[in-house]
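Only this structure's heavy atoms are used, side chains among them; waters, hydrogens and symmetry mates stay out. The structure presented is a predicted model; accordingly, all values stated were derived computationally and were not measured.
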Amino acid sequence: MNCENIHQDPLLEIKNLHVVYETDLQTVYAVNGINMTLYPGQALGLVGETGAGKTTTALSILRILPDKIGKVTDGEILFNGVNLLSLNDGKMRDIRGEEISMIFQDPMTSLNPIITVGDQIYESLLLHNKHRLSKKELHERVDEIMEMVGIVASRKGEYPHQFSGGMKQRIVIAMALACRPNIVIADEPTTALDVTIQAQVLAMMRNLMRELQTSVILITHDLGIVAENCDFVSVMYAGEIVESGTVVDIFGQSNHHPYTEGLIGSIPNLIVETNRLKPIYGIMPDPTNLPTGCKFHPRCPYCMEKCKTIQPSAHVNGSHIIACHLYDKGGITDD
């Protein structure tokens, strides 16, 4: 996973995506015109607080938004040049799991408690058995996948409750990688794990993605995880991408969107001794009644009068993009 692959055609392009959740009482504006590009073999980190719209973006890619209330109102999601939003349900089912798969947040609820873990992996392989493997060959593939994620194949006849949280997450990762998809969307894959197991699972994921040449969208609120595991970063706030760039752009430059600056300032620094962390004051805005202008302005320490009424345009410096009025004069000058 590296930056050299940007010379290839994009594997996934999201263009001006808008997603809402509509009920009889209100409309939630979850995603508001985001643009994102993923290239073959790369890892893209999608970062932001809870409620930023990260998971909604992932669900939109796989077209598994909640029935009746979740709607894509505008935009395109291009996978290998094909707009996923235009496909019928049958073609979309063929893509899910085989071409694009997802690791959900909570392994406890992602696994069926009354079906053995081996059968759950087997089912995924059976649904996408494009090489028409025999039943014996499919079971051998289950053994291979379990060994790949560090679980002995002899445990495939056991049920989810017989595994620890970290082992459950390995099973979920095995299911996601079973058909060797082109893209894996990992939605907070280590949230329910303790720090030691979290490091082991992330290291295993890195190795597997490298071995299988799989592209990754890693959704998280932890910039530390992104710094170690991603090539590119998109920072999301109130359904918008406020800053994006390479890992070097985000962690190696001095100029940032105030929200990104706040996220970085919230990371404990074990080298420089400081008295306190720098929190981002306030809370995410109500998605049913978003602020005018820059969505971050009620929490921004640099807020100007125009921030309250005028939507900031994107300022581009190479691969580094920031949507903020602070850079209106002269653009971005990275140090």
Side-chain angles (χ1 to χ4, degrees), residues 1-19 30-49 51-58 60-61 75-78 183 185-188 215-267 280 284 294-296 300 311-328 331-335:
M1 296 181 287
N2 53 62
C3 300
E4 295 176 0
N5 291 354
I6 60 174
H7 299 297
Q8 301 180 29
D9 292 331
L11 184 60
L12 181 75
E13 285 184 281
I14 297 176
K15 297 182 178 181
N16 193 36
L17 182 67
H18 289 74
V19 183
V31 176
N32 305 299
I34 69 167
N35 296 281
M36 204 164 64
T37 304
L38 179 69
Y39 290 90
Q42 289 187 340
L44 170 67
L46 190 57
V47 185
E49 295 170 282
K54 307 184 301 297
T55 297
T56 296
T57 301
S60 300
I61 294 171
E76 295 180 306
I77 302 174
L78 303 176
I183 299 174
I185 303 171
D187 188 5
E188 302 274 9
S215 299
V216 185
I217 299 176
L218 177 59
I219 297 173
T220 182
H221 59 270
D222 190 332
L223 279 174
I225 289 177
V226 168
E228 293 182 4
N229 296 278
C230 295
D231 305 307
F232 290 86
V233 185
S234 290
V235 181
M236 198 166 185
Y237 184 82
E240 299 177 357
I241 302 292
V242 297
E243 182 171 0
S244 62
T246 66
V247 169
V248 174
D249 291 332
I250 303 300
F251 295 96
Q253 308 291 355
S254 59
N255 290 311
H256 293 294
H257 189 281
Y259 180 58
T260 310
E261 183 180 298
L263 292 176
I264 294 173
S266 300
I267 302 174
I280 303 173
M284 289 281 292
C294 174
K295 305 298 186 292
F296 187 63
C300 182
Q311 179 80 8
S313 57
H315 297 276
V316 182
N317 182 24
S319 58
H320 194 191
I321 303 173
I322 303 177
C324 180
H325 288 303
L326 288 176
Y327 304 95
D328 284 351
I332 304 170
T333 305
D334 287 329
D335 297 331

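- What you find for V247 and A227 is that their closest heavy atoms are CG1-O, 4.1 Å.
- When all heavy atoms are compared, the tightest approach of L17 to V31 is O-CG1, 3.3 Å.
- Of the inter-residue distances, the one linking Y327 atom OH with H256 atom NE2 reads 7.5 Å to the nearest 0.5 angstrom.
- Between H257 and F296 the shortest side-chain heavy-atom distance falls below 4.5 Å.
- Under the 3.5 Å distance criterion, the side-chain polar atoms of S215 are matched with a main-chain donor or acceptor of Y39.
- Taking CG of L12 as the reference point, atom CD1 of I183 lies at 4.5 Å (rounded to 0.5 Å).
- Between P10 and L78, every side-chain heavy-atom pair lies at or beyond the 4.5 Å cut-off.
- The side-chain heavy atoms of L46 and I241, taken from C-beta on, include a pair separated by under 4.5 Å.
- Using a 4.5 Å cut-off on side-chain heavy atoms (C-beta onward), I61 and I217 make contact.
- Counting only heavy atoms from C-beta outward, the side chains of H320 and H315 never approach each other to under 4.5 Å.
- To the nearest 0.5 Å, atoms NE2 (H18) and CD1 (I34) are separated by 10.0 Å.
- The main-chain N or O of G48 is found under 3.5 Å from a side-chain atom of K54 such that the two form a donor-acceptor pair.
- Under the 4.5 Å side-chain criterion, counting only non-hydrogen atoms from C-beta, L11 is not in contact with Q42.
- A side-chain N or O of D328 and one of H325 form a donor-acceptor pair less than 3.5 Å apart.
- For T56 against V19, the heavy-atom pair with the smallest separation is CG2-CG1, 3.6 Å.
- Using a 4.5 Å heavy-atom cutoff, the side chains of E240 and Q311 are in contact.
- Nearest heavy atoms, S319 versus T246: OG-CG2, 3.6 Å.
- Residue F251 holds its CZ atom at 4.5 Å from CG of L223, rounded to the nearest 0.5 Å.
- Minimum heavy-atom separation, L44 to C230: C-SG, 4.0 Å.
- A 4.5 Å side-chain heavy-atom check between Y237 and K295 finds at least one atom pair inside the cut-off.
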Evaluation steps, side chain to side chain contact (heavy atoms under 4.5 Å, CB included), between I77 and S60: CA-CA 8 Å; I77 302 174; S60 300; 4.1 Å; yes
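- Not a single donor-acceptor pair under 3.5 Å links the side chain of N229 to the backbone N or O of A43.
- I322 CD1 to E243 CD: the interatomic distance, rounded to the nearest 0.5 Å, is 4.0 Å.
- In this structure, L263 CG and E49 CD are separated by 6.5 Å, a value rounded to the nearest 0.5 Å.
- Closest non-hydrogen pair, I185 versus A58, comes out as CG2-CB, 3.6 Å.
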